[in-house]
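Have a look at the structure below before the remarks.
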Amino acid sequence: DAGVTQSPTHLIKTRGQQVTLRCSPISGHKSVSWYQQVLGQGPQFIFQYYEKEERGRGNFPDRFSARQFPNYSSELNVNALLLGDSALYLCASSLNRKHGYTFGSGTRLTVV
Amino acid sequence: KNEVEQSPQNLTAQEGEFITINCSYSVGISALHWLQQHPGGGIVSLFMLSSGKKKHGRLIATINIQEKHSSLHITASHPRDSAVYICAVEGTASKLTFGTGTRLQVTL
């Protein structure tokens with residue numbers, strides 16, 4: 001069974017551009033969470049989706065948005081990119097709270 | 001003050017040594033997670049704890065809910081254990097709050 005897959009693995013964008021990151025959860029997992037990890041720091045929670053509904057949002061500006069599709073895959077969108085958005089973006093899926101989380105390998109976004 | 005504090009930040013050990021990484025948190029939690037992150041970024045879940053102690057191979061994780069403290073122990077450390085170890089807590093909402101990680105280097 002495939003793990004959590006994220007695409008693309010690496011991405012370079014220019015300030016002001018928009019970016020879409022994609023995540024496919026493990027089959028059967030209905031919950032997807034997004035995290036931002038800036039170099040040298042721990043990941044920070046951005047969003048959680050469950051059954052296509054937003055269940056939680058971290059302290060990120062409105063430039064960040066996300067959605068979950070009927071097949072439980074998810075997209076994270078970031079508009080008007082800033083240099084400070086350069087980070088590793090991690091997606092995690094979960095079957096339920098008793099089983100913990102499985103993380104993808106992340107998308108490394110560089111904003112120049 | 002961060003909600004999740006880890007110590008030490010950096011740790012160097014010789015192969016075979018017993019290693020302890022500590023995590024303290026200041027909020028109520030439903031579970032605590034220990035995670036391993038290798039260079040390149042991928043995160044692997046090691047343990048999910050809500051009480052007591054868990055063991056998997058050479059890894060042991062303990063938690064004291066009253067003292068809001070958890071430890072990760074590695075017995076007979078090996079160079080392949082070199083990684084960043086991250087403690088994360090989960091509250092009533094299903095979001096994880098992470099510590100900044102402990103960078104472990106195990107040398108021959």
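In the text below, chain A, chain B and the rest are named by the order of the sequence lines, each starting its count at 1. Note that this is a predicted model, so its numbers are computed, not measured.
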* Asked: Just wondering, are more than 12 heavy atoms of other shown residues or ligands nearer than 6.0 Å to CG in L39(A)?
  -> no
* Asked: When you look at CG of N10(B), are more than 12 heavy atoms from neighbouring residues, nucleotides or ligands closer to it than 6.0 Å?
  -> yes
* Nearest-0.5 Å distance that lies between atom CZ in R57(A) and atom NZ in K95(B) -> 12.5 Å
* Asked: If you count the non-hydrogen atoms of other residues, nucleotides and ligands that lie under 6.0 Å from CZ in R15(A), is the total more than 12?
  -> no
* **Segment of Q6(A) engaging chain B (4.5 angstrom heavy-atom cut-off)** => neither
* Atom group of Q37(B) that falls short of 4.5 Å from chain A, counting heavy atoms -> side chain
* Specify the closest pair of heavy atoms between L96(B) and F103(A), including all atoms of both residues, with the distance to one decimal. => CD1-CZ, 4.0 Å
* Is the F98(B) to Y35(A) ring centre distance short of 6.0 Å? -> yes
* Asked: More than 12 foreign heavy atoms under 6.0 Å from CD1 of I65(B): is that the case here?
  -> yes
* Is the number of heavy atoms from other residues, nucleotides or ligands within 6.0 Å of CD (E67(B)) greater than 12? -> no
* Asked: For the atom pair SG (C91(A)) and CD1 (I43(B)), what is the distance rounded to the nearest 0.5 Å?
  -> 11.5 Å
* **In one Ile/Leu/Val/Met/Phe/Trp/Tyr side-chain cluster, 4.5 Å: V84(B), L90(A)** => yes
* Minimum heavy-atom separation for S45(B) to Y101(A), with atom names? -> CB-O, 3.6 Å
* Once you round to the nearest 0.5 Å, how far does OG of S105(A) lie from NE2 of H38(B)? -> 11.5 Å
